[in-house]
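What follows is a short report on a single structure.
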Number of protein chains: 2
Amino acid sequence: MRSNKQKKLEAKGWKIGSASDFLKLSPEEEAYIELKLSLCKTLKRLRTKKHLSQNDLAKMIKSSQSRVAKMEAGDSSVSLDLVIRSLFSVGVSKKDLAKAVSSAT
Amino acid sequence: MRSNKQKKLEAKGWKIGSASDFLKLSPEEEAYIELKLSLCKTLKRLRTKKHLSQNDLAKMIKSSQSRVAKMEAGDSSVSLDLVIRSLFSVGVSKKDLAKAVSSAT
DNA sequence: TTGCAATATGTCATATTTGACATATACTAA
DNA sequence: TTAGTATATGTCAAATATGACATATTGCAA
């Protein structure tokens, strides 16, 4: 079972290459990353639930498939803004949003 | 009493200068702006509650007073990323966050 | 297998967001 | 009034996020 810390490491591009595996995140950074990953997961869940391909979603938000893939992977190059805009585009409910926020570990 | 539409207009820099006062926002854009404004309001509320000046908060997040002011004003030049990072820095609770999300009109 | 659609990954020029700064305005207290 | 502190607003070069693209990989049906 992967630890939460490793999960955060896997947010591609974050602190990778730092000398230590025990990357020190401030509580704020940690909360931010957890929230982001939670929302990315929600996005993927809602997209597949709606039977949309990454390409479909990309067109809806006037972006590209590769960016959608990066979003869903929690890539550090993607902003929360884009993730949240995308969530609204797939019709996320306030309830689902709030749940994703609350459940961010 | 200001209308919701006006409130959104006041999100400085958004669509101002367009020919019409009746700016057409897609439901997604609308939801995004409402969420942002809701979080900006929450930030200001929590900051003042903690008796922090904008300068204090700016130092905490390694930014500047002017950017904090813009954040709290809901300026369109400020990203949700920064607002949310700031919220975490002032110690927002998951509950407060979820509430701000849910209550976004 | 082969073929095709979906997804992942890397790069890059352009667009947006950034902190910093100057300066204006608002609000108290002396 | 004056002085001091807080907040607002405008600008800009530097930093970061962006869509687009090429290409790799996966998964699944024929």
Side-chain angles (χ1 to χ4, degrees), chain A residues 7 9-17 26 28-29 32-33 35-37 39-90, chain B residues 7 9-17 26 28-29 32-33 35-37 39-90:
Chain A
K7 241 163 127 190
L9 251 174
E10 285 172 3
K12 315 289 178 53
W14 272 323
K15 312 263 185 178
I16 299 264
S26 70
E28 307 90 77
E29 289 173 316
Y32 169 78
I33 294 180
L35 175 60
K36 190 156 156 183
L37 293 182
L39 293 175
C40 289
K41 256 175 95 173
T42 302
L43 176 61
K44 181 162 196 166
R45 186 170 59 75
L46 291 182
R47 176 183 62 80
T48 54
K49 187 179 170 188
K50 287 213 163 186
H51 304 291
L52 296 168
S53 68
Q54 291 183 345
N55 229 333
D56 293 335
L57 174 55
K59 279 169 199 153
M60 290 165 65
I61 62 174
K62 298 184 211 290
S63 182
S64 59
Q65 177 269 325
S66 58
R67 190 132 301 274
V68 172
K70 277 158 194 158
M71 253 195 281
E72 294 184 349
D75 192 289
S76 66
S77 81
V78 178
S79 71
L80 246 186
D81 288 67
L82 188 61
V83 176
I84 287 181
R85 282 180 192 273
S86 302
L87 279 166
F88 284 134
S89 284
V90 299
Chain B
K7 239 164 129 190
L9 252 174
E10 286 171 2
K12 313 289 177 55
W14 273 323
K15 311 261 184 177
I16 299 266
S26 70
E28 306 90 78
E29 289 172 316
Y32 169 78
I33 294 180
L35 175 60
K36 190 156 155 182
L37 293 182
L39 293 175
C40 289
K41 256 174 94 173
T42 302
L43 176 62
K44 181 161 197 167
R45 186 170 60 76
L46 291 182
R47 177 183 63 80
T48 54
K49 188 178 170 188
K50 287 210 163 188
H51 304 289
L52 296 169
S53 68
Q54 291 182 344
N55 229 332
D56 293 335
L57 174 55
K59 279 169 197 152
M60 290 166 66
I61 62 174
K62 297 185 213 291
S63 182
S64 59
Q65 178 269 325
S66 57
R67 190 132 300 274
V68 172
K70 278 158 194 159
M71 253 195 283
E72 294 185 349
D75 193 288
S76 66
S77 81
V78 178
S79 71
L80 247 185
D81 279 78
L82 189 60
V83 177
I84 287 182
R85 284 178 190 275
S86 302
L87 279 167
F88 285 134
S89 283
V90 298

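Residue numbering restarts at 1 for every chain, and letters A, B, ... go by the order of the sequence lines.
You'll find that the side chain of A/Ser77 is closest to D/dT18, out of D/dT9, C/dT7, D/dT18. Of the candidate nucleotides D/dA6, D/dA8, D/dA17, D/dA8 has the atom lying nearest to any side-chain atom of B/Gln65. The side chain of B/Ser64 lies closest to C/dA20 when the candidates are D/dT9, D/dT18, C/dA20. Closest to the side chain of B/Ser53, from the set C/dA8, D/dA6, D/dA8, is D/dA6. Candidate nucleotides C/dT7, D/dT18, C/dA20 were compared by shortest atom distance to the side chain of A/Val78, and D/dT18 ranks first. Of all nucleotides listed (D/dT18, C/dT17, C/dT7), D/dT18 comes nearest to the side chain of A/Arg67. Side-chain proximity of B/Lys70 to D/dA20, D/dT18, C/dA20: nearest is C/dA20. In this structure, of C/dG10, D/dG19, C/dA20, it is C/dG10 that holds the atom nearest to the side chain of A/Ser66. The side chain of A/Leu82 sits closest to D/dG19 out of D/dT9, C/dA6, D/dG19.
Spacing between atom CG of A/Asp75 and atom C1' of D/dT16 amounts to 13 Å, rounded to whole angstrom units. Protein atom CG of B/Leu57 is 14 Å distant from nucleotide atom C1' of C/dG19, rounded to whole Å.
Put simply, the side chain of B/Lys36 never gets that close to the backbone of B/Val83: no donor and acceptor are under 3.5 Å apart. Between the side chain of B/Lys50 and the main chain of B/Val90, a donor-acceptor pair closer than 3.5 Å is present.
When only modelled atom types and interatomic distance are considered, A/Ser53 and A/Asn55 share no side-chain donor-acceptor pair under 3.5 Å.
Taking both residues in full, the closest heavy atoms of A/Arg85 and B/Tyr32 are given as NH2-CE2, 3.1 Å, listed atom of the first, atom of the second, then distance.
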Would A/Glu72 and A/Arg47 satisfy side-chain contact (heavy atoms from CB on, under 4.5 Å), going step by step from the backbone distance to the final call? CA-CA 10 Å; A/Glu72 294 184 349; A/Arg47 176 183 62 80; 2.5 Å; yes

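Comparing B/Lys44 and B/Asp81 by the nucleotide of DNA chain D that holds the closest heavy atom to each, the one mapping nearer the 5' end is B/Lys44.
B/Lys59 comes within contact range of no nucleotide atom at all, as no heavy-atom separation falls under 4.0 Å. As judged by a 4.0 angstrom heavy-atom cut-off over every strand, A/Ser63 is placed among residues touching the sugar-phosphate backbone only.
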